[in-house]
Amino acid sequence: MLKKIPTAALRPGMYLARIEGSYLQHPFWRRSFRLATQDEVQVLHDSGIAEVWIDLTRGDDVAGPTPAAVSEPPAAGQPGAVAEPPAAAPASPAPPPSVAARPPRSGTARERALALRDHAKSAVTSLFADVRLGKVIDGGACLPLVDQISQSLQEDAGTFLGLVRLRRQDEYTYLHSVAVCALMVGLAREMGQGEDAVRQAGLAGLLHDLGKALMPLDVLNKPGRLTDAEFAIMRGDPERGWRMLRESPHVDEAAADVCLHHHEKMDGSGYPHGLAGDGISLLSRMGAVCDVYDAITSNRPYKTAWDPGESLRRMAQWKGHFDPAVFKAFVRTVGIYPVGTLVRLESQRLAVVCEQRPSALQRPLVKVFYSLRSNLRIPPVLLELDRPGCRDAIVGVEPAEGWGFQDLDRLWSDPG
C-alpha cells in the first residue's frame, strides 16, 4: 500500500516508492528504495520536492495520522510502479574531497605522483559514497580527475602506475579504479587514439567498477573463497554499474559498456553475456586487459600479488582471454619490464625495476640488491642499464613469489 506524505515527514526506515516531480529535481539514480540513513532523508529535504510516496508494506509509516491520501500501488510496468532496489551497502562516513579539486602541483615528479594518487583515492571514495546514498553520478564532474591522471602519465607514466599499485588491502577497490583509469589512458594513447577517445577511455576505466559500491561489504572484502551465492552477487556488479551509468549525465554508451562487459573474454567464456570476438567493443576489450593486469598485480585478502613482469608472461599464455592486438599494445604501454618487476642480470645478480626508459624499453633503471653467486643480499645500488658503457643487461624475469622477498615495493619506490 502506498501513502503520499510531505517530504518533511520522511525518516530513516521508510520505503521510498515514488518521488513526485521530475528526476532532474533530485540527485538519486533510483526512484524507489529504503531510506537507510538521515543523510538520504536530508538530501530529499534539501531538494525542494514537496511530496513523496512511501510503501507501507516495505517500510515504516509516519508517526501519527497524516492528511495524505492512501492508494494501492500501480500495476507493474505502469508509471510509479515499485521496483526492487539493489542491495545497499552502509553509508560512508564524512565524504572526502570533490573529484573536481586539484592535488598539490609542487615538489618532485614522484612527490606530485604520490599527491595525485592520494587525491584520486579520496575522489573515488567519495564517488562510491555517493552511489551508496543513491545519488546520480555526473560523468562530467569526473573528467577533471581523468585529465589530471592523463597529465601525470605524460610526465612520468611508470612512476604513477607503480605508485598506484602500492596500496593496502582496504584501499584496493578505490585505487583499482584509479589504476584502471591510468592504464586505459596509456593504452588508448599507445593505440594511436585521439585525445577525445583517450579521455573517454580514462573515464570508462575510472567508472568500470562502480557496481561494487552496491555490493554487501562482507562479500566484497571476504578474505576466503566465495560461496556460489556470494559469487553470484559478485558477478552481478557489472549490470548494477551499467544501470547506474545509463542514468548518469555525461557518461556515454561506450563508457557504460565497459562497465557491463569488461569481464567478457574473446572465446565467449566470460560474463555477463558470453560475448565473443568482435561482439565485444574495442573499449571493453581494452578494459578487460587493464582490469585483469591491475587485479593480479595487487595484494588481495585472498591472494598475494604477482610480480608485474611475471603477470604479463602469464597473461600472454591465457589463450582466448584477451584480444591479441590489444594485449600487444598493452605490453608496450606498461613496458617489457614494468616498474616493480624482479629481473635477473647477466652479472648473476637480482634487481627490481625502478623506472622505465621510453627510448630503451629493454634497459630500464634498476636497483640491484641480491647476489646469485653468494645467495646473499647485497647493499642496494641503482644501475642505469641504458647508460653508455654499462656492460650489464637483463637476461630474464624472475617470479617474485618464488624468492619470498617481502620488500620489493619498498626497494623500487625508495628514491634513495
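Atom set for the values below is all heavy atoms of this structure, side chains included, hydrogens, waters and symmetry mates excluded.
Panel note: side chain Glu398, backbone Gly396; no donor-acceptor pair is recorded below 3.5 Å. For the pair Arg165 (side chain) and Val339 (backbone), a donor-acceptor distance under 3.5 Å is present. For the pair Gln38 (side chain) and Pro12 (backbone), a donor-acceptor distance under 3.5 Å is absent. Judged by distance alone, the side chain of Thr341 and the main-chain N or O of Pro308 form no donor-acceptor pair under 3.5 Å. At distances below 3.5 Å, not a single donor-acceptor pair connects side-chain atoms of Glu355 with backbone N or O atoms of Pro364. Judged purely by atom type and a 3.5 angstrom limit, Thr333 has no side-chain atom pairing as donor or acceptor with the backbone of Glu190. Side chain of Ser311 to backbone of Thr297: no donor-acceptor contact under 3.5 angstrom is found. Panel note: side chain His208, backbone Gly205; a donor-acceptor pair is recorded below 3.5 Å. Without hydrogens or angle criteria, His262 side chain to Val258 main chain gives a donor-acceptor distance under 3.5 Å. Between the Glu230 side chain and the Thr227 main chain, a donor and an acceptor come within less than 3.5 Å of each other.
Electrostatic pairing of Arg357 and Glu384 counts as a salt bridge here, judged by a charged N lying under 4.0 Å from a carboxylate O. Ion pairing between a basic and an acidic side chain is recognised when a charged N comes within 4.0 Å of a carboxylate O; Arg199 and Glu195 show no such pairing.
The nearest pair of heavy atoms linking His250 to Gly140 is CB-N, 3.2 Å. When all heavy atoms of Leu153 and Ala182 are compared, the closest pair comes out as CD1-O, 3.2 Å. Taking both residues in full, the closest heavy atoms of Leu350 and Phe405 are given as CD1-CE1, 3.8 Å, listed atom of the first, atom of the second, then distance. Taking all atoms of both residues into account, the shortest heavy-atom contact from Ile149 to Cys181 is CD1-SG, 3.8 Å. Nearest heavy atoms, Val397 versus Glu310: CG1-N, 3.8 Å. Residues Val180 and Asp291 approach most closely at CG2-CA, 4.0 Å, considering heavy atoms.
The shortest side-chain heavy-atom distance between Leu203 and Cys142 falls under the 4.5 Å cut-off. Residues Arg11 and Asp60 have side chains in contact (heavy-atom distance under 4.5 Å, counting atoms from C-beta outward).
There is no side-chain donor-acceptor pair under 3.5 Å between His176 and Glu171.
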Q | side chain to side chain contact (heavy atoms under 4.5 Å, CB included) evaluation trace for Leu56 with Leu2 | A | CA-CA 6 Å; Leu56 303 185; Leu2 298 187; over 6 Å; no
(Q) I'd like to know whether Asp209 forms a salt bridge (Lys or Arg N to Asp or Glu O under 4.0 Å) with Lys212, so could you lay out the CA-CA distance, the side-chain angles of the two residues, the decisive distance to 0.1 Å, and finally the verdict. (A) CA-CA 6 Å; Asp209 248 0; Lys212 282 189 168 62; 3.2 Å; yes
(Q) Run the side-chain hydrogen bond (donor to acceptor under 3.5 Å, both in side chains) test on Ser281 and Ser284 for me, step by step, so that the C-alpha distance in whole Å, both residues' side-chain angles and the decisive distance to 0.1 Å come before the verdict. (A) CA-CA 5 Å; Ser281 72; Ser284 291; 3.0 Å; yes
Q: Kindly indicate, with the supporting measurements, whether the criterion side chain to side chain contact (heavy atoms under 4.5 Å, CB included) is fulfilled by Val178 and Arg117.
A: CA-CA 8 Å; Val178 176; Arg117 183 199 67 174; 5.7 Å; no
Q: For Asp386 and Arg363, run salt bridge (Lys or Arg N to Asp or Glu O under 4.0 Å): C-alpha distance rounded to whole Å, both residues' side-chain angles, the deciding distance at 0.1 Å, then the answer.
A: CA-CA 5 Å; Asp386 65 332; Arg363 299 189 298 277; over 6 Å; no
Q: Report the C-alpha distance between Val62 and Met14 in whole Å, list the side-chain angles of each, state the deciding distance to 0.1 Å, and finish with yes or no for side chain to side chain contact (heavy atoms under 4.5 Å, CB included).
A: CA-CA 8 Å; Val62 294; Met14 291 180 172; 3.5 Å; yes
(Q) Does Asp407 form a salt bridge (Lys or Arg N to Asp or Glu O under 4.0 Å) with Arg377? I'd like the steps, not just the answer. (A) CA-CA 12 Å; Asp407 59 345; Arg377 297 286 289 250; 2.7 Å; yes
Q: Before giving the answer on side chain to side chain contact (heavy atoms under 4.5 Å, CB included), spell out for Val289 and His321 the whole-Å C-alpha distance, their side-chain angles and the decisive distance to 0.1 Å.
A: CA-CA 9 Å; Val289 177; His321 198 134; over 6 Å; no
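The aromatic rings of Tyr271 and His263 sit parallel to each other, their planes meeting at less than 30°, with 60° as the upper class boundary. Between Phe327 and Phe322, the angle of the ring planes stays under 30°, which puts this pair in the parallel group of the 30/60° scheme.
Counting non-hydrogen atoms of neighbouring residues, nucleotides and ligands closer than 6.0 angstrom, the CD atom of Gln317 exceeds 12 such neighbours. Other residues, nucleotides and ligands contribute more than 12 heavy atoms inside 6.0 Å of the CD atom of Glu253.
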